[in-house]
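Heads up, the thing below is written out as structure tokens.
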Amino acid sequence: MKNPKVACVIMVAAIILSVIIGGHRSLSAEAAKVEDIFYNGVAGDGFGVNRELSYRVGLANNMVTVAKRYLPADDPDIKAVLDACSAIEKAKKTTDKVAANRKLQSACSDLYERLGKVDLNEKDSRYRENLMTDLNSSNDIISRDGYNQKAEQFNTELKRFPANIIGRITGIKAFALGR
Amino acid sequence: MGHRAVIQMKKIACLLLTACLIIIGAAAANIPEPTEAFYVADFAGVLSRETSDHIVAKNIDLYERTGAQIVVATVDFLGGEDIGDYAYQMFNYWEIGSAEKNNGVLLLLAIGEDNYWALQGKGLERELPSSELGDLLYEYLEDDFAAGNYDAGVRKVFDAIYSKVDNIYRYSDQGGKSPGYTIPQPVNEDKGSYVRAPLFGLFFGGASLISAIIIIFFIVIFILAITSPFRRIRRGVYPRPYRTWWRPWGFWGFGRTWHHHHRHGPPPPPPPPPPRVPPHSHTTGSDIFRGGGGFTRGGGAGRGSSSVSRSSGVSRGSFGGSSFKGGGSFRGGGGSTRGGGAGRK
């Protein structure tokens with residue numbers, strides 16, 4: 001402490017460290033809010049994206065059940081749907097879940113198209129249509145969910161200074177959007 | 001920044017805000033206001049009086065028993081919007097279904113676009129899934145719609161949807177297990193509000209107190225380090241030389257000692273007594289500090305329903321249109337939809 005310059009450097013370093021720690025806590029708190037909305041919905045009533053994803057996995061599995069009556073179990077289109085379902089169930093982060101959902105929608109669309117070329121009986125033909133209608137409807141709901149708006153707001157804040165630097169240093173990432 | 005520049009900026013800001021409101025208002029104009037009858041909005045003029053009366057009468061009974069509302073709307077065109085988007089906006093703007101159960105259904109026919117769409121409220125997503133709505137539309141509406149017999153098709157599909165919704169509640173009322181899931185009760189605390197972190201919060205956030213203490217500590221140390229010799233000189237006190245008879249190393253690290261020293265010069269004179277202030281002079285410019293009464297947070301916005309806040313994005317206020325306060329007997333129950341639905345295959 002004899003040297004004022006050293007004292008100045010130490011003070012600046014302490015300020016920078018405080019800013020980083022404080023900024024990280026602030027960003028983490030806001031990210032936690034967005035995560036909460038993903039799981040519990042904007043109103044906190046459980047109508048969140050995660051609930052819709054579980055429903056979609058059920059629908060996709062039903063479509064696979066129908067498909068297995070006409071296609072081999074190791075068919076690539078069936079496997080793609082099952083892999084996407086598994087990815088959603090195993091994903092821990094919201095970003096991974098959202099990415100897996102996109103793959104699920106794409107895989108289900110492919111399987112739907114594939115089954116359209118197969119000679120289905122009347123009942124299974126109806127199942128095929130209905131399941132795809134519900135999958136599309138559910139995807140629409142996810143795309144309109146309030147989570148997307150909140151995630152977008154967070155991502156916008158994360159791009160601004162100094163949050164962009166603090167986020168990069170402390171590993172806080174942007175959220176994937178469900179639309 | 002000069003005073004004129006500030007005024008100029010305020011004018012520009014007002015103009016921009018006005019322009020934005022006009023644009024929003026224009027966008028909202030695509031969704032018409034609900035009619036007085038509410039349950040039938042035949043803007044395209046394709047429904048007969050008998051069908052309209054039938055729809056209204058059935059809905060009155062259904063609403064009284066269950067809070068559900070099945071609204072039929074016909075328009076000519078959608079103004080360039082996707083029919084699913086249009087239906088979503090219309091549903092939430094008209095607040096179809098009860099606020100508590102979100103059990104509304106909207107059947108929208110876009111005659112000029114040769115298309116139709118049905119959308120259910122949030123509370124019917126599982127009991128009346130989009131696939132089932134699609135089936136009902138295909139079975140009861142498609143043939144007549146394709147043939148241009150809109151009135152007949154609407155009558156049939158409305159009865160089918162009514163029967164389905166009625167059965168949902170009739171089944172539940174009889175104590176049976178509902179085929180769908182039960183809607184969780186909303187939690188009162190606002191978990192979903194996103195509070196934009198102010199710049200200060202972004203810097204210090206949750207560690208604000210600790211960070212502030214650390215920073216203040218270092219600032220104080222720094223200031224003491226920088227200013228201590230000047231502070232002593234201003235007092236007319238000069239530091240002793242480094243070598244003293246008992247503290248040769250400058251214990252506090254500033255190269256000076258803190259023990260007593262000799263004053264040079266005469267002691268400073270005592271401060272003069274404060275002047276007496278006449279009692280009336282306190283009123284001058286001091287009213288602002290006495291303040292008047294407390295402040296108010298102000299009234300909240302006059303929102304009709306809390307359930308709209310649960311909708312996934314579109315709220316009534318965002319349209320900027322006037323609220324439907326009746327003049328008519330019927331109005332939306334405050335319900336909302338999250339989207340989805342089914343349409344023409």
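All heavy atoms count here, side chains included; hydrogens, waters and symmetry mates do not. Sequence lines set the chain letters: A, B, ... in the order given, protein chains first and strands last, and positions in each chain run from 1. On a predicted model such as this, the values are computed, not experimentally measured, just so you know.
Most heavy-atom pairs under 4.5 Å with chain B, from the set D134(A), L135(A), N136(A): that is D134(A). Listed options S137(A), C8(A), S138(A) were ranked by heavy-atom pairs under 4.5 angstrom with chain B; first place goes to S137(A).
Interface residues of residues 52-60 of chain A toward chain B, defined by a heavy-atom distance below 4.5 Å and sorted by number: E52(A), Y55(A).
Remark: Y86(B) engages no residue in a ring-ring contact (aromatic ring centres under 6.0 Å, His included) (not counting sequence neighbours). Qualifying salt bridge (charged side-chain N to carboxylate O under 4.0 Å, His left out) partners for R126(A), counting only residues two or more places apart in sequence or in other chains: D135(B). Listed by chain and number, the residues in a side chain to side chain contact (heavy atoms under 4.5 Å, CB included) with E142(B) are Y116(B), Y138(B), A146(B), R344(B) (sequence neighbours excluded).
To the nearest 0.5 Å, atoms CD1 (I70(B)) and CD (Q120(B)) are separated by 12.0 Å. T337(B) contributes atom OG1, which lies 9.5 Å from atom NZ of K122(B) (distance to the nearest 0.5 angstrom).
Here the side chain of S26(A) pairs no donor or acceptor atom with the backbone of G22(A) at under 3.5 angstrom. Put simply, the side chain of D145(A) never gets that close to the backbone of F38(A): no donor and acceptor are under 3.5 Å apart.
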